[in-house]
Amino acid sequence: MNILILGGGGREHTFAWKIAQSDKVKQLFIAPGNAGTAKTKLASGAEATNVNISATDFDAVKALVLEKQIDMVVVGPEDPLVKGIHDYFLNDEQLRGVAVIGPQKEAARLEGSKEFAKEFMSRHSIPTAAYRSFTAAELKEGQAFLETLQAPYVLKADGLAAGKGVLILQDLEEAKAELKNMLVEAKFGEASAKVVIEEFLSGIELSCFVITDGENYLTLPMAKDYKRIGEGDTGLNTGGMGAVSPVPFADEEFVRKIEDRIVKPTVSGFRKDQLSYKGFVFIGLIKVGDDPYVIEYNVRMGDPETEVVLPRVKNDLVELFEAVHKGTLNTVNLEVDHKAATTVMAVSGGYPEAYEKGKEITGIDSVEKSLVFHAGTALDGDKVLTSGGRVIAVTSYGEDFREALRQSYESMSKLNFDKMYYRKDIGFDL
Ligand code: AMP
Ligand code: GLY
(Lines give C-alpha, C1' and ligand atoms only; values in the text may rest on other atoms or scores of the structure.)
(Ligands and ions follow the chains in the order given, each with its own letter.)
Protein backbone atom coordinates (compact mmCIF):
# COMPACT_ATOMS: atom_id res chain seq x y z
CA MET A 1 0.00 0.00 0.00
CA ASN A 2 0.98 3.66 -0.33
CA ILE A 3 1.28 5.66 2.87
CA LEU A 4 1.55 9.38 3.58
CA ILE A 5 2.91 10.72 6.88
CA LEU A 6 2.01 14.31 7.71
CA GLY A 7 4.57 16.34 9.66
CA GLY A 8 8.30 16.90 9.59
CA GLY A 9 9.87 16.40 13.00
CA GLY A 10 11.63 13.67 14.95
CA ARG A 11 8.30 11.98 15.59
CA GLU A 12 7.59 11.74 11.88
CA HIS A 13 11.08 10.47 11.04
CA THR A 14 10.55 7.75 13.65
CA PHE A 15 7.18 6.86 12.09
CA ALA A 16 8.88 6.72 8.67
CA TRP A 17 11.70 4.50 9.99
CA LYS A 18 9.21 2.10 11.57
CA ILE A 19 6.72 2.06 8.67
CA ALA A 20 9.58 1.51 6.21
CA GLN A 21 10.28 -1.87 7.88
CA SER A 22 6.87 -3.20 6.86
CA ASP A 23 6.60 -5.42 3.78
CA LYS A 24 3.17 -3.96 3.22
CA VAL A 25 4.48 -0.59 2.06
CA LYS A 26 4.95 0.06 -1.63
CA GLN A 27 5.50 3.82 -1.55
CA LEU A 28 6.02 6.13 1.41
CA PHE A 29 5.56 9.91 1.29
CA ILE A 30 6.22 12.45 4.02
CA ALA A 31 4.85 16.00 3.92
CA PRO A 32 6.83 18.10 4.48
CA GLY A 33 9.38 15.71 6.07
CA ASN A 34 13.05 16.46 6.75
CA ALA A 35 16.50 15.24 5.65
CA GLY A 36 16.02 12.02 7.64
CA THR A 37 12.70 11.09 6.08
CA ALA A 38 14.08 11.86 2.62
CA LYS A 39 16.81 9.27 3.16
CA THR A 40 14.53 6.56 4.59
CA LYS A 41 14.85 3.24 2.75
CA LEU A 42 11.88 0.89 2.46
CA ALA A 43 12.08 -2.89 2.96
CA SER A 44 11.87 -3.18 -0.85
CA GLY A 45 14.97 -1.02 -1.27
CA ALA A 46 12.97 1.92 -2.67
CA GLU A 47 13.35 5.33 -1.02
CA ALA A 48 10.72 7.39 0.74
CA THR A 49 9.81 10.74 -0.82
CA ASN A 50 9.37 14.14 0.80
CA VAL A 51 6.64 16.37 -0.60
CA ASN A 52 6.88 20.03 0.19
CA ILE A 53 3.33 20.78 1.31
CA SER A 54 2.02 21.83 4.69
CA ALA A 55 0.13 19.32 6.83
CA THR A 56 -2.65 21.88 7.32
CA ASP A 57 -3.16 22.63 3.61
CA PHE A 58 -5.95 20.08 3.21
CA ASP A 59 -6.59 20.79 -0.48
CA ALA A 60 -2.91 20.21 -1.27
CA VAL A 61 -3.00 17.00 0.81
CA LYS A 62 -6.05 15.86 -1.16
CA ALA A 63 -4.35 16.49 -4.50
CA LEU A 64 -1.31 14.50 -3.33
CA VAL A 65 -3.43 11.60 -2.03
CA LEU A 66 -5.28 11.33 -5.33
CA GLU A 67 -2.19 11.73 -7.49
CA LYS A 68 -0.12 9.15 -5.60
CA GLN A 69 -3.03 6.81 -4.82
CA ILE A 70 -2.40 6.94 -1.09
CA ASP A 71 -4.22 4.31 0.97
CA MET A 72 -3.34 5.53 4.45
CA VAL A 73 -2.55 8.92 6.02
CA VAL A 74 -0.73 8.97 9.35
CA VAL A 75 -1.15 12.35 11.03
CA GLY A 76 1.84 13.36 13.19
CA PRO A 77 1.08 16.77 14.75
CA GLU A 78 -2.10 18.05 16.44
CA ASP A 79 -2.79 21.02 14.18
CA PRO A 80 -4.34 19.17 11.23
CA LEU A 81 -6.36 17.00 13.63
CA VAL A 82 -7.73 19.95 15.59
CA LYS A 83 -8.55 21.62 12.25
CA GLY A 84 -10.49 18.49 11.24
CA ILE A 85 -8.43 16.65 8.63
CA HIS A 86 -10.06 13.32 9.42
CA ASP A 87 -13.53 14.83 8.92
CA TYR A 88 -12.33 16.47 5.69
CA PHE A 89 -11.46 13.01 4.35
CA LEU A 90 -14.74 11.44 5.49
CA ASN A 91 -16.77 14.25 3.94
CA ASP A 92 -15.09 13.91 0.54
CA GLU A 93 -16.35 11.21 -1.79
CA GLN A 94 -12.93 10.68 -3.38
CA LEU A 95 -11.14 10.45 -0.03
CA ARG A 96 -13.66 8.57 2.10
CA GLY A 97 -11.98 5.17 1.64
CA VAL A 98 -8.54 6.35 2.75
CA ALA A 99 -7.50 5.24 6.25
CA VAL A 100 -6.70 8.26 8.41
CA ILE A 101 -4.80 7.61 11.64
CA GLY A 102 -5.86 10.35 14.04
CA PRO A 103 -9.13 11.31 15.74
CA GLN A 104 -11.94 13.35 14.23
CA LYS A 105 -12.32 17.06 14.97
CA GLU A 106 -14.71 16.83 17.91
CA ALA A 107 -12.48 14.28 19.68
CA ALA A 108 -9.37 16.34 18.90
CA ARG A 109 -10.82 19.03 21.17
CA LEU A 110 -9.35 16.93 24.00
CA GLU A 111 -6.10 18.64 23.02
CA GLY A 112 -7.58 21.75 21.38
CA SER A 113 -9.50 22.89 24.47
CA LYS A 114 -8.38 22.46 28.07
CA GLU A 115 -11.92 23.09 29.26
CA PHE A 116 -13.32 20.39 26.97
CA ALA A 117 -10.70 17.96 28.34
CA LYS A 118 -11.50 18.85 31.96
CA GLU A 119 -15.25 18.41 31.37
CA PHE A 120 -14.58 15.03 29.71
CA MET A 121 -12.53 13.89 32.71
CA SER A 122 -15.08 15.10 35.20
CA ARG A 123 -17.93 13.37 33.28
CA HIS A 124 -16.04 10.07 33.31
CA SER A 125 -14.59 10.31 36.84
CA ILE A 126 -11.00 10.38 35.60
CA PRO A 127 -8.62 11.70 38.29
CA THR A 128 -7.30 15.21 37.52
CA ALA A 129 -6.70 18.49 39.36
CA ALA A 130 -9.81 20.37 40.56
CA TYR A 131 -10.57 23.35 38.29
CA ARG A 132 -12.86 26.14 37.17
CA SER A 133 -12.84 28.03 33.89
CA PHE A 134 -13.44 31.72 33.21
CA THR A 135 -14.04 34.09 30.27
CA ALA A 136 -13.16 37.83 30.08
CA ALA A 137 -16.66 38.70 31.32
CA GLU A 138 -15.90 36.60 34.43
CA LEU A 139 -12.52 38.17 35.28
CA LYS A 140 -13.70 39.32 38.72
CA GLU A 141 -15.01 35.86 39.59
CA GLY A 142 -11.76 34.33 38.35
CA GLN A 143 -9.67 36.63 40.53
CA ALA A 144 -11.92 35.91 43.51
CA PHE A 145 -11.49 32.17 42.85
CA LEU A 146 -7.70 32.60 42.89
CA GLU A 147 -8.04 34.14 46.37
CA THR A 148 -9.62 30.91 47.63
CA LEU A 149 -6.63 28.84 46.41
CA GLN A 150 -3.13 28.43 47.74
CA ALA A 151 0.09 29.04 45.82
CA PRO A 152 1.32 27.95 43.36
CA TYR A 153 -1.44 29.06 40.98
CA VAL A 154 -1.93 27.21 37.70
CA LEU A 155 -3.41 29.21 34.79
CA LYS A 156 -4.03 27.50 31.46
CA ALA A 157 -5.09 29.11 28.20
CA ASP A 158 -8.01 27.03 26.94
CA GLY A 159 -6.83 26.77 23.32
CA LEU A 160 -3.68 25.66 21.49
CA ALA A 161 -0.77 27.94 22.38
CA ALA A 162 2.22 25.99 21.01
CA GLY A 163 2.98 24.52 24.46
CA LYS A 164 3.35 27.97 26.04
CA GLY A 165 -0.16 28.51 27.38
CA VAL A 166 0.38 27.28 30.95
CA LEU A 167 1.57 29.65 33.69
CA ILE A 168 2.53 28.49 37.18
CA LEU A 169 2.84 31.42 39.58
CA GLN A 170 3.87 31.70 43.21
CA ASP A 171 2.39 35.11 43.95
CA LEU A 172 -1.35 35.79 44.23
CA GLU A 173 -1.20 39.37 42.89
CA GLU A 174 0.89 38.23 39.94
CA ALA A 175 -1.58 35.42 39.26
CA LYS A 176 -4.48 37.88 39.25
CA ALA A 177 -2.60 40.21 36.89
CA GLU A 178 -1.69 37.35 34.55
CA LEU A 179 -5.29 36.16 34.52
CA LYS A 180 -6.24 39.64 33.32
CA ASN A 181 -3.42 39.58 30.74
CA MET A 182 -4.68 36.30 29.37
CA LEU A 183 -8.40 37.08 29.36
CA VAL A 184 -8.50 40.79 28.64
CA GLU A 185 -5.20 41.57 26.88
CA ALA A 186 -5.26 38.30 24.86
CA LYS A 187 -1.77 37.30 26.02
CA PHE A 188 -2.08 34.06 24.03
CA GLY A 189 -4.46 35.49 21.43
CA GLU A 190 -7.73 33.66 20.86
CA ALA A 191 -6.33 30.68 22.85
CA SER A 192 -6.66 32.58 26.14
CA ALA A 193 -10.19 33.94 25.54
CA LYS A 194 -11.02 31.32 28.16
CA VAL A 195 -8.72 30.30 31.02
CA VAL A 196 -8.77 27.18 33.16
CA ILE A 197 -7.54 27.74 36.72
CA GLU A 198 -6.60 24.54 38.46
CA GLU A 199 -5.29 23.07 41.63
CA PHE A 200 -1.49 22.60 41.67
CA LEU A 201 -0.42 18.97 41.82
CA SER A 202 2.98 18.10 43.17
CA GLY A 203 4.72 15.00 41.89
CA ILE A 204 6.77 13.45 39.09
CA GLU A 205 5.47 13.44 35.51
CA LEU A 206 5.31 10.65 32.95
CA SER A 207 3.46 9.95 29.72
CA CYS A 208 1.20 7.09 28.77
CA PHE A 209 0.50 6.32 25.10
CA VAL A 210 -2.56 4.48 23.89
CA ILE A 211 -3.56 3.47 20.39
CA THR A 212 -7.28 2.93 19.87
CA ASP A 213 -9.79 2.10 17.14
CA GLY A 214 -12.50 3.77 19.21
CA GLU A 215 -13.60 0.50 20.87
CA ASN A 216 -10.47 -1.48 21.58
CA TYR A 217 -7.11 -0.18 22.63
CA LEU A 218 -3.51 -1.13 23.30
CA THR A 219 -1.37 0.62 25.89
CA LEU A 220 2.07 1.31 24.44
CA PRO A 221 5.21 1.57 26.60
CA MET A 222 5.29 4.43 29.13
CA ALA A 223 7.85 7.18 28.66
CA LYS A 224 9.18 10.22 30.44
CA ASP A 225 10.35 13.34 28.64
CA TYR A 226 12.50 16.27 29.74
CA LYS A 227 10.92 19.56 28.69
CA ARG A 228 13.20 22.24 30.14
CA ILE A 229 16.16 23.58 28.20
CA GLY A 230 18.54 23.55 31.18
CA GLU A 231 20.12 20.73 33.18
CA GLY A 232 18.35 19.89 36.41
CA ASP A 233 15.03 20.82 34.73
CA THR A 234 15.72 24.54 34.75
CA GLY A 235 15.05 27.38 32.29
CA LEU A 236 12.46 27.70 29.54
CA ASN A 237 10.14 24.98 28.32
CA THR A 238 11.00 23.34 25.01
CA GLY A 239 9.27 20.72 22.87
CA GLY A 240 11.38 18.14 24.69
CA MET A 241 15.13 17.60 25.17
CA GLY A 242 15.19 13.85 25.70
CA ALA A 243 13.14 10.88 26.81
CA VAL A 244 13.40 7.45 28.39
CA SER A 245 11.23 4.32 28.20
CA PRO A 246 10.24 2.41 30.28
CA VAL A 247 9.81 4.69 33.28
CA PRO A 248 11.53 3.05 36.27
CA PHE A 249 9.10 4.37 38.90
CA ALA A 250 6.06 3.15 36.93
CA ASP A 251 6.00 -0.35 38.44
CA GLU A 252 3.38 -2.99 37.71
CA GLU A 253 0.97 -1.78 40.38
CA PHE A 254 1.18 1.86 39.31
CA VAL A 255 0.68 0.90 35.65
CA ARG A 256 -2.40 -1.10 36.67
CA LYS A 257 -3.80 2.00 38.38
CA ILE A 258 -3.22 4.02 35.19
CA GLU A 259 -4.97 1.33 33.17
CA ASP A 260 -7.99 0.99 35.49
CA ARG A 261 -8.51 4.58 36.57
CA ILE A 262 -7.47 6.45 33.43
CA VAL A 263 -7.04 4.44 30.20
CA LYS A 264 -10.21 2.32 30.44
CA PRO A 265 -12.55 5.20 31.38
CA THR A 266 -10.93 7.38 28.71
CA VAL A 267 -11.62 4.91 25.89
CA SER A 268 -15.08 4.04 27.18
CA GLY A 269 -15.67 7.81 27.50
CA PHE A 270 -15.04 8.14 23.74
CA ARG A 271 -17.77 5.58 23.15
CA LYS A 272 -20.23 7.09 25.61
CA ASP A 273 -19.70 10.61 24.25
CA GLN A 274 -19.74 9.37 20.63
CA LEU A 275 -16.31 10.79 19.96
CA SER A 276 -14.86 9.10 16.86
CA TYR A 277 -11.34 8.18 17.79
CA LYS A 278 -8.98 6.16 15.62
CA GLY A 279 -5.47 7.06 16.58
CA PHE A 280 -3.06 7.78 19.38
CA VAL A 281 -3.96 9.18 22.78
CA PHE A 282 -1.08 10.74 24.68
CA ILE A 283 -1.98 11.05 28.35
CA GLY A 284 0.25 13.41 30.31
CA LEU A 285 0.28 12.10 33.88
CA ILE A 286 1.61 13.13 37.24
CA LYS A 287 2.28 10.70 40.09
CA VAL A 288 1.05 12.25 43.32
CA GLY A 289 2.01 9.97 46.21
CA ASP A 290 1.18 6.58 44.70
CA ASP A 291 -1.67 7.76 42.52
CA PRO A 292 -1.82 8.87 38.87
CA TYR A 293 -3.62 12.08 37.82
CA VAL A 294 -4.11 13.41 34.29
CA ILE A 295 -2.36 16.71 33.53
CA GLU A 296 -3.44 16.84 29.89
CA TYR A 297 -4.54 14.89 26.85
CA ASN A 298 -2.85 15.15 23.49
CA VAL A 299 -4.40 13.55 20.43
CA ARG A 300 -1.13 12.44 18.83
CA MET A 301 2.17 10.88 19.80
CA GLY A 302 4.71 12.89 21.79
CA ASP A 303 7.97 14.22 20.44
CA PRO A 304 10.61 13.07 21.52
CA GLU A 305 8.66 10.28 23.29
CA THR A 306 7.94 8.62 19.93
CA GLU A 307 11.70 8.23 19.48
CA VAL A 308 11.80 5.87 22.49
CA VAL A 309 8.32 4.31 22.35
CA LEU A 310 8.23 3.07 18.73
CA PRO A 311 11.73 1.53 18.84
CA ARG A 312 10.42 -0.70 21.65
CA VAL A 313 7.33 -1.83 19.74
CA LYS A 314 8.10 -5.01 17.80
CA ASN A 315 4.86 -5.22 15.82
CA ASP A 316 4.55 -4.22 12.20
CA LEU A 317 3.24 -0.65 12.62
CA VAL A 318 1.29 -0.79 9.35
CA GLU A 319 -0.58 -3.87 10.60
CA LEU A 320 -1.40 -1.99 13.80
CA PHE A 321 -2.70 0.97 11.81
CA GLU A 322 -4.79 -1.31 9.57
CA ALA A 323 -6.38 -2.78 12.70
CA VAL A 324 -7.08 0.75 13.98
CA HIS A 325 -8.80 1.61 10.71
CA LYS A 326 -10.85 -1.62 10.59
CA GLY A 327 -11.76 -1.61 14.28
CA THR A 328 -10.00 -4.92 14.94
CA LEU A 329 -7.34 -3.85 17.41
CA ASN A 330 -8.68 -6.56 19.77
CA THR A 331 -7.08 -9.17 17.46
CA VAL A 332 -3.59 -7.69 17.75
CA ASN A 333 -1.05 -8.73 20.37
CA LEU A 334 1.30 -5.94 21.28
CA GLU A 335 4.92 -7.10 21.50
CA VAL A 336 7.26 -4.86 23.45
CA ASP A 337 11.04 -5.13 23.55
CA HIS A 338 12.19 -5.66 27.16
CA LYS A 339 15.19 -3.42 26.50
CA ALA A 340 15.17 0.22 27.59
CA ALA A 341 15.39 3.00 25.01
CA THR A 342 16.60 6.55 25.56
CA THR A 343 16.84 9.55 23.29
CA VAL A 344 18.82 12.76 23.59
CA MET A 345 17.87 15.78 21.48
CA ALA A 346 20.49 18.15 20.06
CA VAL A 347 19.16 21.67 19.52
CA SER A 348 20.32 24.91 17.89
CA GLY A 349 22.15 27.30 20.23
CA GLY A 350 19.64 29.86 21.57
CA TYR A 351 16.58 27.58 21.26
CA PRO A 352 13.80 27.88 22.52
CA GLU A 353 14.42 31.59 21.91
CA ALA A 354 16.00 32.99 18.73
CA TYR A 355 18.50 30.70 16.96
CA GLU A 356 20.26 30.45 13.60
CA LYS A 357 19.57 27.86 10.90
CA GLY A 358 21.50 26.48 7.95
CA LYS A 359 24.47 25.02 9.89
CA GLU A 360 26.02 21.90 8.42
CA ILE A 361 25.64 18.77 10.56
CA THR A 362 28.60 16.40 10.40
CA GLY A 363 29.20 12.90 11.77
CA ILE A 364 25.78 11.37 11.12
CA ASP A 365 27.20 8.47 9.10
CA SER A 366 29.74 7.64 11.80
CA VAL A 367 27.00 6.78 14.32
CA GLU A 368 26.69 3.00 14.25
CA LYS A 369 25.33 1.88 17.59
CA SER A 370 22.38 4.28 17.85
CA LEU A 371 19.41 5.35 15.76
CA VAL A 372 19.62 8.92 14.51
CA PHE A 373 16.22 10.58 14.10
CA HIS A 374 16.16 13.92 12.33
CA ALA A 375 13.94 16.74 13.58
CA GLY A 376 14.77 20.23 12.19
CA THR A 377 17.04 19.23 9.29
CA ALA A 378 17.03 19.85 5.55
CA LEU A 379 19.05 18.47 2.64
CA ASP A 380 21.27 20.76 0.62
CA GLY A 381 22.74 18.53 -2.08
CA ASP A 382 24.72 15.93 -0.12
CA LYS A 383 24.87 18.07 3.00
CA VAL A 384 22.49 17.95 5.94
CA LEU A 385 21.76 21.40 7.38
CA THR A 386 19.95 22.51 10.52
CA SER A 387 16.53 23.99 9.81
CA GLY A 388 14.87 24.25 13.21
CA GLY A 389 15.26 24.54 16.97
CA ARG A 390 15.24 20.86 17.78
CA VAL A 391 17.65 19.36 15.27
CA ILE A 392 18.46 15.70 15.78
CA ALA A 393 17.66 12.95 18.30
CA VAL A 394 19.95 10.05 19.13
CA THR A 395 18.12 6.94 20.36
CA SER A 396 19.85 3.93 21.90
CA TYR A 397 18.87 0.64 23.49
CA GLY A 398 20.28 -0.80 26.70
CA GLU A 399 19.54 -3.37 29.40
CA ASP A 400 18.46 -0.38 31.50
CA PHE A 401 18.09 3.34 30.86
CA ARG A 402 21.58 4.09 32.18
CA GLU A 403 23.23 1.78 29.69
CA ALA A 404 21.08 3.17 26.88
CA LEU A 405 21.94 6.74 27.88
CA ARG A 406 25.67 6.02 27.91
CA GLN A 407 25.32 4.85 24.32
CA SER A 408 23.23 7.87 23.29
CA TYR A 409 25.86 10.22 24.71
CA GLU A 410 28.73 8.32 23.09
CA SER A 411 26.97 8.50 19.72
CA MET A 412 26.03 12.15 20.23
CA SER A 413 29.70 13.01 20.70
CA LYS A 414 30.25 12.06 17.02
CA LEU A 415 27.77 14.65 15.77
CA ASN A 416 28.59 18.29 15.35
CA PHE A 417 27.17 21.58 14.13
CA ASP A 418 27.85 25.19 15.00
CA LYS A 419 26.35 26.13 18.42
CA MET A 420 24.99 22.60 18.98
CA TYR A 421 23.58 22.06 22.48
CA TYR A 422 22.12 19.09 24.31
CA ARG A 423 21.37 18.24 27.93
CA LYS A 424 23.87 15.88 29.51
CA ASP A 425 21.61 14.92 32.42
CA ILE A 426 18.62 13.16 30.82
CA GLY A 427 17.27 10.68 33.40
CA PHE A 428 18.94 12.57 36.28
CA ASP A 429 15.84 12.29 38.48
CA LEU A 430 15.25 8.55 38.06
P1 AMP B 1 0.05 21.18 30.04
O2 AMP B 1 0.23 22.03 28.81
O3 AMP B 1 -1.36 21.12 30.54
O4 AMP B 1 0.70 19.84 29.89
O5 AMP B 1 0.94 21.88 31.16
C6 AMP B 1 2.30 22.13 30.95
C7 AMP B 1 3.09 21.74 32.16
O8 AMP B 1 2.66 22.49 33.30
C9 AMP B 1 2.93 20.28 32.58
O10 AMP B 1 3.79 19.44 31.88
C11 AMP B 1 3.23 20.36 34.05
O12 AMP B 1 4.64 20.36 34.28
C13 AMP B 1 2.71 21.69 34.47
N14 AMP B 1 1.35 21.58 35.03
C15 AMP B 1 0.19 21.63 34.34
N16 AMP B 1 -0.87 21.49 35.15
C17 AMP B 1 -0.38 21.34 36.40
C18 AMP B 1 -0.97 21.16 37.70
N19 AMP B 1 -2.30 21.12 37.87
N20 AMP B 1 -0.14 21.03 38.74
C21 AMP B 1 1.19 21.07 38.59
N22 AMP B 1 1.81 21.26 37.42
C23 AMP B 1 1.04 21.39 36.32
N1 GLY C 1 7.11 16.03 24.42
C2 GLY C 1 5.87 16.63 24.65
C3 GLY C 1 4.95 16.72 23.52
O4 GLY C 1 5.12 16.10 22.48
O5 GLY C 1 3.95 17.42 23.65
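Whatever order the structure lists them in is the order used to number ligands and atoms, beginning at 1. Predicted model only: the values in this text are computed from it and were never measured.
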With heavy-atom distances below 4.5 Å as the criterion, would you say the side chains of Leu160 and Glu78 are in contact? yes

Atoms of ligand 2 close to Phe282 [distance to a heavy atom under 4.0 angstrom, numbered from 1]: 3 (C), 4 (O), 5 (O)

Please check if the distance between the ring centroids of Phe270 and Phe120 is under 6.0 Å. yes

Atoms of ligand 2, numbered as shown, that sit under 4.0 Å from any heavy atom of Glu305: 1 (N), 2 (C), 4 (O)

If you measure every N or O of Asp303 against every N or O of ligand 2, does any of those distances drop under 3.5 Å? yes

In terms of ring plane angle, is the pair Phe145 and Phe134 parallel, tilted or perpendicular, where the classes change at 30° and 60°? tilted

Look only at interatomic distance and state if Gly239 has a nitrogen or oxygen under 3.5 Å from any nitrogen or oxygen of ligand 2. yes

Which atoms of ligand 2 sit under 4.0 Å from any heavy atom of Asp225? 1 (N), 2 (C)

Validate the cation-pi geometry between Lys359 and Phe417: distance from NZ or CZ to the six-membered ring centre under 6.0 Å, angle to the ring axis within 45°. no

Which bit of Arg300 is near ligand 2, meaning a heavy atom under 4.0 Å away: side chain, backbone, both or neither? side chain

Do we see a donor-acceptor contact under 3.5 Å between the side chains of Ser113 and Asp158? yes

Could you verify whether a donor N or O on one side chain and an acceptor N or O on the other, from Thr128 and Lys118, lie under 3.5 Å apart? yes

Salt bridge or not for Arg423 and Asp233, using N-O below 4.0 Å? yes

Non-hydrogen side-chain atoms of Tyr351 and Tyr421 separated by less than 4.5 Å: no

Start with the C-alpha gap between Tyr297 and Met121, add the side-chain angles, then the distance that decides, and say whether side chain to side chain contact (heavy atoms under 4.5 Å, CB included) holds. CA-CA 10 Å; Tyr297 285 110; Met121 287 184 262; 3.6 Å; yes

Any Gly302 heavy atom less than 4.0 Å from ligand 2: yes

Under 3.5 Å, N or O to N or O, is Arg11 touching ligand 2 that way? no

Return the protein residues near ligand 1 (heavy atom under 4.0 Å from any of its atoms), ordered by chain and residue number. Lys114, Ala129, Val154, Lys156, Val166, Ile168, Glu198, Glu199, Phe200, Leu201, Glu205, Lys227, Ile295, Glu296

Classify the side-chain pair Ser408/Thr342 by whether it contains a donor and acceptor separated by less than 3.5 Å. yes

